Amino acid sequence: MGKNVCLRIMDVQLLVIVTCILLNSLSVEKVKGESDSVTRSFSYQCVKNKDTCRKTEVGGFCYAPIYGISVAKEDARINCTNGMTGQKIKRCFANGTYGLEEDFCVSNEINDILQITNNPTELAGKLPQLVVKLDNISKSQNNTTPGNLQASLNILQAFATVSNEPQETVVVQGFLSIVDSLVDERAHSAWTSVKTENKTSSSQLLKSVEGFTRLLNPPNQTFNITKPNIQLKGMKVEPGKDYQVDFTNTKKNRSVTNSVFIKQNNLAALASGSLVMSIAFLTLDDILNPPPTSNYKLNGLVVATTTAEVKPIDITMQFTPLDTTLAPASARCVFWNHNNERWDTEGCKHEINGTNITCRCNHLTSYSILMSPTTDFEVLPWLRVLNYVVLGTSQVSLIIGIIIEAIVWKNLTKNTTSLARHIAILNIALSLLIMNTLFLICSILKPKDISCKLAIYFIHFFLLALSFWMFTLGLLLLYHLVFLLRNYSRTSMMLISFILGYTCPFIIASCVFVKGHLKNNYIKKEICWINVKQTDIYYSFALVPLIVVGMNFLITFFAIVKMLRPAIGEKSSGQQSDKNSVKLILRCIIILTPLLGLSWLLGFMFLTPSAGNISVWKEIFRPVFDIANGLQGFFILIFGIIMDKKVRECLKQRFLPQTYSQKSSAATNSTSQSNSHS
């Protein structure tokens, strides 16, 4: 059969050999309806001392003793033994390997309580006793396996919804003691498995805690229940008294203090003597984190505030970040949205007060803060739409500009100076058009795809090409300002222009791509974009264009000084002369800014690998930068092509030949008559 069949352990030797021989020529056919069928063929190699039967061509299967054979990306399940209910699971990955065994077996003691929850009447009558029983089980045995964890969550949910009868403090203490064991650090690995099986498990826990603690009937005006991983503090509403509680967490090797504050006028909507309480979860930052694709992480305690009456109430919270290395300016105040199973920002505003984050929200639920390593301001929906409109306008303008250049090319490239200018403008337009198109494509690509890396490479290349062609145009301007009457050879001009415009960008972009690809750090892991956190990539992607644009800025400054020099030398420098100078400067800036890329100077602050003191300026200049550079193609069309007098004359000759010739003849006759009279 030509396959390398390796022996595993002796007691399954025959099974493995037979399985691999059969799978070597296996054809799996799945019939869909009467006429639609899909056939897949697979080829395998069994590996010695491994729990896998690895596929060597297409498709994918996993093999392990007891669990047998499973299709890739599907789960293999076996029933639990020793009288326990539930299953044990192994997940088959795409590469043909099984993951670790996940124990979803439920102990007999916990299963007994779980069965009682199916009878609401019995559950309501025995609720205090069952809380104590589950609490004792949690302390005496391991309830942090995935199976026992999920079963306990189901039980807690039933506890919180079965009755509206007030509960004694000792019962609520027992309930929170159970929760404390479920959110302990020892259970974090089990939470990973549980959230894979049940995506609502996080909401299930928070809802249960919020619901059950509302049943608390404390004897005192204020109350406090403290466990290693969860703290509850609250008070009964009193007229004229604010609500404020503070929580301290020292589990992260540093003291972290959080506070909750509600003004007395906001509490007036509640009946006197009703409960207001806050629950701080000290370890949920490891359980409720955003998905790995997000650049943000939960960076504060999770604090839930509830009242006996569910009403919208304004609340102020102060959070101390757990990880001080994250960018303060990236902070977001968020609440856990039970409908969408994710963190949400609706109804919340935030302020940065030194090292603390103050959140002001208009409703009560579970809150925390999200932060990222870098400042990444959220683009408002209207601004996102505006960006697409602006970018679309730029793309259409660039296409029109390239078409115009093709129409007038033959007439305007007869001398070397005009040829050099139009070559530079054409390549600037092409580079910008391709770069913008690839930028839009990147938004739909996944970072793991090779197409993403190629798209980022070409974005990098055409960004550098755009910068270097702008620099080439700047050098042409500088040459004519310094050597006013000296011309240059066409061959030298073409050679230097294309070396600067394409060879230099190709060398830089290719070296960065190869190095980043070999180190596997060329693009970000969460989105399809270049990884500017790497110093060498950052320098080539941001600083090289920045240096080029900076040199173009100096050339523009020199051009303005050069053009103003005759006006400065004149004796009469009155108000009219000043106005002409200002107009000349503005005209020079308006024309040269899009052609030499001067507006890009605003954008390089957004490419910094870490947030710094300029984060406020980022927020202010972000819309300005997006609009100014989004319309760069439109400005190139207007100021670089349409405002060129020779271009307009060529277009008139091409599309209005009769009208143009009549005007030319009239102008010639008028000139002749004027000369004869003189």
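Computed from a predicted structure; not experimentally measured.
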Might you work through the side-chain contact (heavy atoms from CB on, under 4.5 Å) test for Leu215 and Val171, ending with a clear yes or no?
CA-CA 10 Å; Leu215 305 179; Val171 178; over 6 Å; no

Salt bridge (Lys or Arg N to Asp or Glu O under 4.0 Å) involving [X] - partner list, sequence neighbours excluded:
| X | answer |
| --- | --- |
| Lys139 | Asp135 |
| Glu197 | Arg77, Arg91 |
| Glu238 | Lys241 |

Taking C-beta and beyond as the side chain, do [X] and [Y] meet within less than 4.5 Å on heavy atoms?
| X | Y | value |
| --- | --- | --- |
| Asn258 | Met317 | no |
| Trp343 | Ser368 | yes |
| Leu284 | Leu205 | yes |
| Asp314 | Ile262 | no |
| Phe281 | Val209 | yes |
| Asn224 | Leu232 | no |
| Gln318 | Thr316 | no |
| Gln204 | Asn154 | yes |

Between Val334 and Asp344, is a side-chain contact (heavy atoms from CB on, under 4.5 Å) present by the stated rule, with each step listed?
CA-CA 5 Å; Val334 292; Asp344 202 339; over 6 Å; no

For residues [X] and [Y], report the shortest heavy-atom separation together with the two atoms involved.
| X | Y | result |
| --- | --- | --- |
| Asn82 | Asn108 | O-ND2, 4.3 Å |
| Phe335 | Thr365 | CB-CG2, 3.5 Å |
| Val162 | Pro120 | CG2-O, 3.5 Å |
| Trp191 | Ser202 | CZ3-N, 4.3 Å |
| Ser138 | Ser181 | CB-OG, 3.7 Å |
| Ala160 | Gly211 | CB-C, 4.3 Å |

Between [Y] and [X], is there a side-chain donor-acceptor contact under 3.5 Å, judged purely by atom types and distance?
| X | Y | answer |
| --- | --- | --- |
| Trp336 | Ser203 | yes |
| Thr305 | Tyr367 | no |
| Gln244 | Ser259 | no |

When rounded to the nearest 0.5 angstrom, what is the spacing between [atom1] in [X] and [atom2] in [Y]?
| X | Y | atom1 | atom2 | answer |
| --- | --- | --- | --- | --- |
| Leu149 | His188 | CG | NE2 | 10.5 Å |
| Cys348 | Asn362 | SG | CG | 7.0 Å |
| Thr306 | Ile313 | OG1 | CD1 | 10.0 Å |
| Asn266 | Phe261 | CG | CZ | 9.0 Å |
| Arg342 | Leu288 | CZ | CG | 14.0 Å |
| Phe104 | Glu101 | CZ | CD | 11.5 Å |

Test log, rule side-chain contact (heavy atoms from CB on, under 4.5 Å), inputs Tyr243 and Val237
CA-CA 8 Å; Tyr243 173 80; Val237 174; over 6 Å; no

Determine, step by step, whether Tyr296 and Arg332 satisfy the side-chain contact (heavy atoms from CB on, under 4.5 Å) criterion, reporting the C-alpha distance in whole Å, the side-chain angles of both residues, the deciding distance to 0.1 Å, and the verdict.
CA-CA 9 Å; Tyr296 281 79; Arg332 297 180 182 179; 3.5 Å; yes

Test item: [X] side-chain N/O and [Y] main-chain N/O as donor-acceptor pair under 3.5 Å:
| X | Y | result |
| --- | --- | --- |
| Asn198 | Val194 | no |
| Ser193 | Glu102 | no |
| Thr196 | Thr192 | yes |
| Asn148 | Ser107 | yes |
| Asn119 | Thr121 | yes |
| Asn229 | Leu282 | no |
| Gln221 | Lys236 | yes |

Can you check side chain to side chain donor-acceptor pair (under 3.5 Å) on Ser366 and Glu210, steps first, answer last?
CA-CA 9 Å; Ser366 299; Glu210 291 177 17; 2.7 Å; yes

CD (Glu346) with more than 12 external heavy atoms under 6.0 Å:
no

Check this for me: Leu100, atom CG, are more than 12 non-hydrogen atoms of other residues, nucleotides or ligands nearer than 6.0 Å?
no

Lys233 to Phe247, cation-pi by 6.0 Å centre distance and 45° axis angle
yes

Using the side chain to side chain contact (heavy atoms under 4.5 Å, CB included) definition, which of the options Val179, Leu206, Thr213 pairs with Ile279?
Thr213

Going by disulfide bond (SG atoms under 2.5 Å apart), name the residues that satisfy it together with Cys442, two or more places apart in sequence or in a different chain.
none

Taking Glu351 first and then Arg360, would you say they form a salt bridge - that is, a charged N and a carboxylate O separated by under 4.0 Å?
yes

Decide side chain to side chain donor-acceptor pair (under 3.5 Å) for Asp103 and Thr145; before the verdict, give the C-alpha distance in whole Å, the side-chain angles of both, and the deciding distance to 0.1 Å.
CA-CA 6 Å; Asp103 184 1; Thr145 62; 4.9 Å; no

Which side chain to side chain donor-acceptor pair (under 3.5 Å) pairs, counting each pair once, include a residue from residues 158-176, with sequence neighbours left out?
none

Is Cys361 close enough to Cys333 that their SG atoms are under 2.5 Å apart?
no

Once ring pair (Phe, Tyr, Trp, His ring centres under 6.0 Å) is applied, what residue pairs with a partner in residues 147-175 remain, sequence neighbours excluded?
Phe175-Phe212

Stepwise side chain to side chain donor-acceptor pair (under 3.5 Å) check, Gln115 with Asn111:
CA-CA 6 Å; Gln115 296 307 312; Asn111 186 55; 3.2 Å; yes

